[in-house]
Q: 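Handing you a structure now.
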Amino acid sequence: MSVKDISKVPQHVAIIMDGNGRWAQQRHLPRNMGHVKGASGVRVLVERCAELGIECLTLFAFSTENWRRPDDEVSTLMGLFVHYLEKELRGLSDAGVRLKVIGDVARFKPELRQKIEAAQSVTENNTRITLCVAANYGGRWDVVEAIKRWQAVNPGESVADLTEAALSGHLSTAGLPDVDLLVRTGGEQRISNFLLWQCAYSELYFTQTHWPDFDAEELVKALGWYARRTRRFGMTSEQTKEFAG
Ligand code: FPP
């Protein structure tokens, strides 16, 4: 499958980057090396997504549940995040990437929070692609926070008046399209509290490939699979054909 064959390009691709630990263990390396290798491929993949016309790529870098991992693994992941923001920022920005971090960053150290703020502000006017990094993110947290935010800006209103459109505008992904294609590497087939609201109508692509091996060729394979899907959004096949023109 070549890039030319991809007729339908998703606007928003989200990826659960799983399999780093197993990739490392299969090579008799410490688990952390899987994360290092996994992080090193991100920049090329973001650039490839931009070339293909994808508007937004969201990566699940650290979940609210990942704090349960051994301390040294948590610090490796935090360190990689800082390193990424320091070393890759210029290249990403030059490539027209807008960086957005979603998740409860309040729990991160001030140094990391400050780097996140700076990276977001340096890249805020870039329009080629949005790279959304989910860090200390949980889908249920996102929905609960959105309700709280809605209530804070509408103090006189009852939740009985809350609509889906209004709530969407207060999610961490406000302004971004819903996820068209959700990819999970590493062979597991679950959503793991990722973008629960935003994935309501996503096509789900699961691959055995571990994240450190998920390169541009694997991406094109996933996009080719997506292009062959018929998305029905609850309609019948006949209605879907009319809808698509
Ligand atoms: C899951 O693999 C992966 C993670 C919990 C972390 C993903 C983070 C990175 C790739 C690095 C940081 C990313 C950026 C954007 C800077 P696992 O450890 O659960 O693998 P396993 O299931 O094989 O054990």
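Whatever order the structure lists them in is the order used to number ligands and atoms, beginning at 1. Numbers here simply count residues along the sequence, with the first being 1. Because the structure is predicted, anything quoted here is derived from the model rather than measured.
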Q: To the nearest 0.5 Å, what is the distance between OH (Tyr205) and CD1 (Ile15)?
A: 10.5 Å
Q: With heavy atoms of Tyr84 as the reference, note each atom of ligand 1 found under 4.0 Å away.
A: 16 (C)
Q: Could you identify the single nearest non-hydrogen protein atom to atom 4 (C) of ligand 1 and state the distance to 0.1 Å?
A: His35 CE1, 3.9 Å
Q: Ion pair present between Glu111 and Lys109, side-chain N to carboxylate O less than 4.0 angstrom?
A: no
Q: When you measure from the heavy atoms of Ala61 to every atom of ligand 1, does any distance fall below 4.0 Å?
A: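 Contact present.
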Q: Using a plain distance cutoff, I'd like to know if Arg22 has any nitrogen or oxygen under 3.5 Å from a nitrogen or oxygen of ligand 1.
A: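 The answer is yes, given that Arg22 and ligand 1 share an N or O pair closer than 3.5 Å.
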Q: If you count heavy atoms of other groups shown closer than 6.0 angstrom to CE of Met33, is the number above 12?
A: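 Not buried by this count: 12 neighbours or fewer within 6.0 Å.
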Q: Please identify which atoms of ligand 1 are closer than 4.0 Å to at least one heavy atom of Asn66.
A: 5 (C)
Q: Determine whether any protein heavy atom is located less than 4.0 Å from atom 14 (C) of ligand 1.
A: no
Q: Would you say ligand 1 has an N or O under 3.5 Å from any N or O of Phe60?
A: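 Between Phe60 and ligand 1, no N or O pair is found under 3.5 Å apart.
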Q: According to salt bridge (charged side-chain N to carboxylate O under 4.0 Å, His left out), does anything in residues 59-82 pair up with another residue at least two apart or in another chain? List the pairs.
A: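 Salt bridge (charged side-chain N to carboxylate O under 4.0 Å, His left out) check on residues 59-82 returns Arg31-Glu73, Arg69-Glu73.
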Q: Is Arg31 in contact with ligand 1, taking contact as a heavy-atom separation below 4.0 Å?
A: yes
Q: Using the side-chain contact (heavy atoms from CB on, under 4.5 Å) definition, which of the options Leu182, Thr58, Thr185 pairs with Ile16?
A: Leu182
Q: Regarding Arg113 and Glu117, does a basic nitrogen lie under 4.0 Å from an acidic carboxylate oxygen?
A: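 Judged by the 4.0 Å cut-off on N to carboxylate O distance, Arg113 and Glu117 do not form a salt bridge.
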Q: What residue and atom, counting heavy atoms only, is the protein's closest point to atom 11 (C) of ligand 1, and at what distance?
A: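 I find the closest protein heavy atom is Ala39 CB, 3.8 Å.
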Q: Is the closest basic N to carboxylate O distance between Asp213 and Arg27 below 4.0 Å?
A: yes
Q: To which protein heavy atom is atom 1 (C) of ligand 1 closest, and what is the distance rounded to 0.1 Å?
A: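 It is Met17 O, 3.1 Å.
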Q: What's the shortest distance from atom 10 (C) of ligand 1 to any protein heavy atom, and which residue and atom give it?
A: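 That would be Asn20 ND2, 3.4 Å.
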Q: Checking side-chain polar atoms at under 3.5 Å, does Thr130 have a donor or acceptor matched by the opposite partner on Arg98?
A: yes
Q: With atoms numbered from 1 as shown, which atoms in ligand 1 lie under 4.0 angstrom from a non-hydrogen atom of Leu77?
A: 6 (C), 8 (C)
Q: Examine ligand 1 and decide if any of its atoms is less than 4.0 Å from a heavy atom belonging to Arg69.
A: yes
Q: Quick one: salt bridge (charged side-chain N to carboxylate O under 4.0 Å, His left out) partners of Glu145, sequence neighbours excluded?
A: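 For Glu145, the residues satisfying salt bridge (charged side-chain N to carboxylate O under 4.0 Å, His left out) (neighbours in sequence not counted) are Lys148.
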